[in-house]
Structures are given as C-alpha cells and as structure tokens.
A.B. asks: 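My questions all concern the structure below.
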Amino acid sequence: DIIVLDENSIQNLYYYYNYQVYLYLLGLIAVVSHVTYQLYGRALRKHQPLPMDTLMRPLCYAILSAVIGTQSTLQAKCLSEIFIHVGKEDNESDNHHNQHHHDSRKGDHHDVSTTTNAFTQLFTYLTLLFFVMTTAFWLYRLNKALALFEPLFIIPVLQV
C-alpha cells in the first residue's frame, strides 16, 4: 500500500517525539564531526597532523555534509507529497464545482470542499526554503570536497 500524506499530516510529523530525537542526534553528530574536522585541520596547518588524518578529515567533512544532505532529501519528499495534492485539489475543485452546480438544480446548496491550496500555506514555502538551503549547502560542500580531497575517495563517501 502507498501512503500519500496531505500537508497537515506532513506538518504534524515534525512534532513526533522520535523525529525530534532524530534531529537532536543529527545535530549532535554534525557538531562532533565539524569540531573533529576543525581539530584535525588546525593540527595539519601547524604541520603536526593527528593520527589517521587522511581518513578522519574527509570522513568528518562527509558526515557533516550527509547530515544536511539527508534533510535535503527529506524536504524533497515532503514537497513531492505536497505537490501531489495540488493536482488533486484542482480536480476536487472542479468536481466540487460540478457537484455544486448539479446540486443547485435540486435546490441543495451545501459546501463539501475542505481542501486548502498548498500555495497559500506558509508550510509549503518553509519546506521549499529549507529544501533549497540544504541542497545548496550539500552542493557547495560537494564542490569544496572535490577540491580538498582525493575525488576517488571522497565521492563515494559523500554518496553513502
């Protein structure tokens, strides 16, 4: 079975305790990986590389990128779910108009439409903004990683 969520259902998922714990852990992982990357970089600049420098710096760099990249993917999925409903809203609006027109001939004037246009909702724009920001961050980090590290190593690490 395929589950299609509407905008309100997606928005409510952000309040789930498990998701908030997940975000907290991602934030913690991001901070630890960034601090570790900075420590290794500082030691390298002082010409005193720490043990496993050639592994740890690209790995920590990739971990931070991946943490943000996963959010980009999540926001893309949320946007796709929201936009699926935009097409359905148009069809439901047409059906509602036809139903209202048909019912008006009988003298029955009730409103059966409860859908909202996604383009009038702040959540849609926040999701879009977060998607653009996280995607831009990930692409920037990908390009920078190609300049900083061996491409044959860093590309697969960034993709995992």
A.B. asks: Using the salt bridge (Lys or Arg N to Asp or Glu O under 4.0 Å) rule, collect all pairs that involve residues 12-36, keeping only residues at least two apart or in two chains.
C.D. replies: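 Applying salt bridge (Lys or Arg N to Asp or Glu O under 4.0 Å) to every pair that reaches into residues 12-36, excluding sequence neighbours, yields nothing.
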A.B. asks: Applying salt bridge (Lys or Arg N to Asp or Glu O under 4.0 Å), which residue pairs with at least one partner in residues 118-137 are found, sequence neighbours left out?
C.D. replies: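 Non-adjacent pairs meeting salt bridge (Lys or Arg N to Asp or Glu O under 4.0 Å): zero.
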A.B. asks: Considering residues at least two apart in sequence or located in another chain, which fulfil the side chain to side chain contact (heavy atoms under 4.5 Å, CB included) criterion with S9?
C.D. replies: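 Here the qualifying residues are L5, D6.
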A.B. asks: For V31, enumerate each residue passing the side chain to side chain contact (heavy atoms under 4.5 Å, CB included) test, keeping only those at least two apart in sequence or located in another chain.
C.D. replies: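 For V31 the side chain to side chain contact (heavy atoms under 4.5 Å, CB included) partners, ignoring immediate neighbours, are V35.
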A.B. asks: Can you pull the salt bridge (Lys or Arg N to Asp or Glu O under 4.0 Å) pairs that have at least one residue in residues 63-75, sequence neighbours excluded?
C.D. replies: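 Pairs touching residues 63-75 that pass the test: none.
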A.B. asks: Show the atom names and distances, to 0.1 Å, of all donor-acceptor pairs under 3.5 Å that link a side chain in residues 152-160 to residues at least two apart or in another chain.
C.D. replies:
none

A.B. asks: For F130, which fellow cluster members are found when Ile, Leu, Val, Met, Phe, Trp and Tyr are connected by side-chain heavy-atom distances below 4.5 angstrom, either directly or through intermediates?
C.D. replies: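 Members alongside F130: none; it stands by itself.
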A.B. asks: Among residues two or more places apart or on two chains, list those pairs meeting side-chain hydrogen bond (donor to acceptor under 3.5 Å, both in side chains) that have a residue in residues 18-28.
C.D. replies: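 For residues 18-28, and leaving out neighbouring residues, the side-chain hydrogen bond (donor to acceptor under 3.5 Å, both in side chains) pairs sorted by first residue read Y19-Q71.
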A.B. asks: Identify all side-chain donor-acceptor contacts of residues 136-147 below 3.5 Å with residues at least two apart in sequence or on another chain.
C.D. replies:
from : atom 1 : to   : atom 2 : distance (Å)
R141 : NE     : S65  : OG     : 3.0
R141 : NH2    : Y61  : O      : 2.9
N143 : ND2    : L139 : O      : 3.4

A.B. asks: Write out all pairs satisfying salt bridge (Lys or Arg N to Asp or Glu O under 4.0 Å) with one or both partners inside residues 46-56, taking only residues at least two apart or from two chains.
C.D. replies: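 Non-adjacent pairs meeting salt bridge (Lys or Arg N to Asp or Glu O under 4.0 Å): D53-R57.
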A.B. asks: How would you list, by chain and number, every residue that makes a ring pair (Phe, Tyr, Trp, His ring centres under 6.0 Å) with F123, sequence neighbours excluded?
C.D. replies: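 Only Y14 meet the ring pair (Phe, Tyr, Trp, His ring centres under 6.0 Å) criterion with F123.
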A.B. asks: Under the ring pair (Phe, Tyr, Trp, His ring centres under 6.0 Å) rule, collect the residues that match up with Y40, sequence neighbours excluded.
C.D. replies: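 Y40 satisfies ring pair (Phe, Tyr, Trp, His ring centres under 6.0 Å) with no other residue.
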